[in-house]
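A quick write-up on the structure given underneath.
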Amino acid sequence: MSATPTRRIIAATTLLALLALSACAAGPAFHARQVAAQPSPSASPSASPSPSASPSPTARPTPGSLDWYVSQAPTFPEAPPPQPVPLPVTGPIPFWHRLPTDQKVAFITIDDGGLARPPAVADFIWRAHIPVTMFLNSPAAEEHDEYFRQIQVAGGVVENHTIRHNSLAGRSYDYQKQEICGAADKLETLFGKRATLFRPPFGEYDSTTLAAARDCGAKAVLHWSETVHEGKVRYQTPEKVVQPGDVLLMHFRPALMDDLLAALKAIHRAGLTPALLEDYIR
Ligand SMILES: [Zn+2]
């Protein structure tokens with residue numbers, strides 16, 4: 001069946017409108033949106049350099065702007081090919097403050113999701129190639145799924161942080177399993193991937209937590225070795241330097257852009273490169 005001239009005109013008009021729309025999309029959210037249109041959103045941040053919309057060499061980005069954050073991000077040595085850490089075949093799954101690896105890498109994790117979601121985070125992660133793991137509470141993930149999906153498209157991975165963010169230590173197996181599996185089920189529906197890592201709220205857990213997390217699909221339970229808040233890294237060890245395998249914890253809070261930048265600088269100072277937890281825990 002051939003198209004009538006009228007149909008052809010409508011089709012051409014629609015195409016022009018679409019082209020005009022895509023030309024207008026070259027704002028800050030351009031890269032993430034562009035990738036979002038691709039069928040597989042699981043691109044690793046190191047896989048494809050972002051198509052450059054770099055400012056002219058003489059232009060200095062305004063402090064606090066996305067361009068400024070990108071310009072402040074350190075340049076890292078290339079991450080080593082990941083050597084996954086050994087996992088126990090039987091028995092409880094491991095609980096780690098720091099990954100048992102000598103490779104010169106550290107890991108950035110961002111928790112919760114309900115409190116604040118600075119809008120430029122996905123673009124910062126995409127443009128600066130920051131590998132991040134997000135431990136989300138499932139109601140926040142559901143309410144703001146588009147926001148977290150943009151970070152997923154930029155290379156972030158969604159993992160499990162329960163439904164209600166209550167302390168699990170001392171609670172029954174049934175309660176813990178409901179909190180962990182319930183969140184895992186919801187996150188899988190939202191983001192198309194079963195969580196393989198679990199972080200208990202407040203880092204509080206017991207042996208029941210490890211059993212319930214395993215039964216819900218987790219391969220490891222993660223604590224942290226540094227926290228980052230309002231642009232400051234707080235070390236849990238006297239050396240005050242990020243160690244290989246360290247896990248840095250921050251939250252979806254108003255200063256998340258500063259926290260990401262502070263984490264990158266601390267990892268860089270230590271001679272390490274940020275890497276993705278899921279490349280090391282398989
Ligand atoms: Zn939390």
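Just so you know, residue 1 is the first one in the sequence shown, and it goes up from there. Each ligand, and each atom within it, is numbered from 1 in the order the structure gives. Quick note: numbers below take in every heavy atom, side chains included, and nothing from hydrogens, waters or symmetry partners.
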Metal environment of the Zn ion (ligand 1), protein N/O/S under 2.8 Å: Asp112 OD1, His161 NE2, His165 NE2

List the steps, then state whether side chain to side chain contact (heavy atoms under 4.5 Å, CB included) holds for Lys219 with Leu87. CA-CA 8 Å; Lys219 295 177 178 176; Leu87 293 168; 4.2 Å; yes

Quick check: do Thr227 and Gln236 have side-chain heavy atoms less than 4.5 Å from each other? yes

Give a yes/no verdict on a cation-pi contact between Arg117 and Phe252, requiring under 6.0 Å between NZ or CZ and the six-membered ring centre and an angle within 45° of the axis. no

A side-chain contact here means heavy atoms from C-beta on lying under 4.5 Å apart; do Phe124 and Met257 qualify? yes

Give me the one residue out of Asp259, Leu260, Ile267, Ile110 that meets side chain to side chain contact (heavy atoms under 4.5 Å, CB included) with Leu248. Ile267

So do the side chains of Thr189 and Glu142 get within less than 4.5 Å of each other, counting heavy atoms only? no

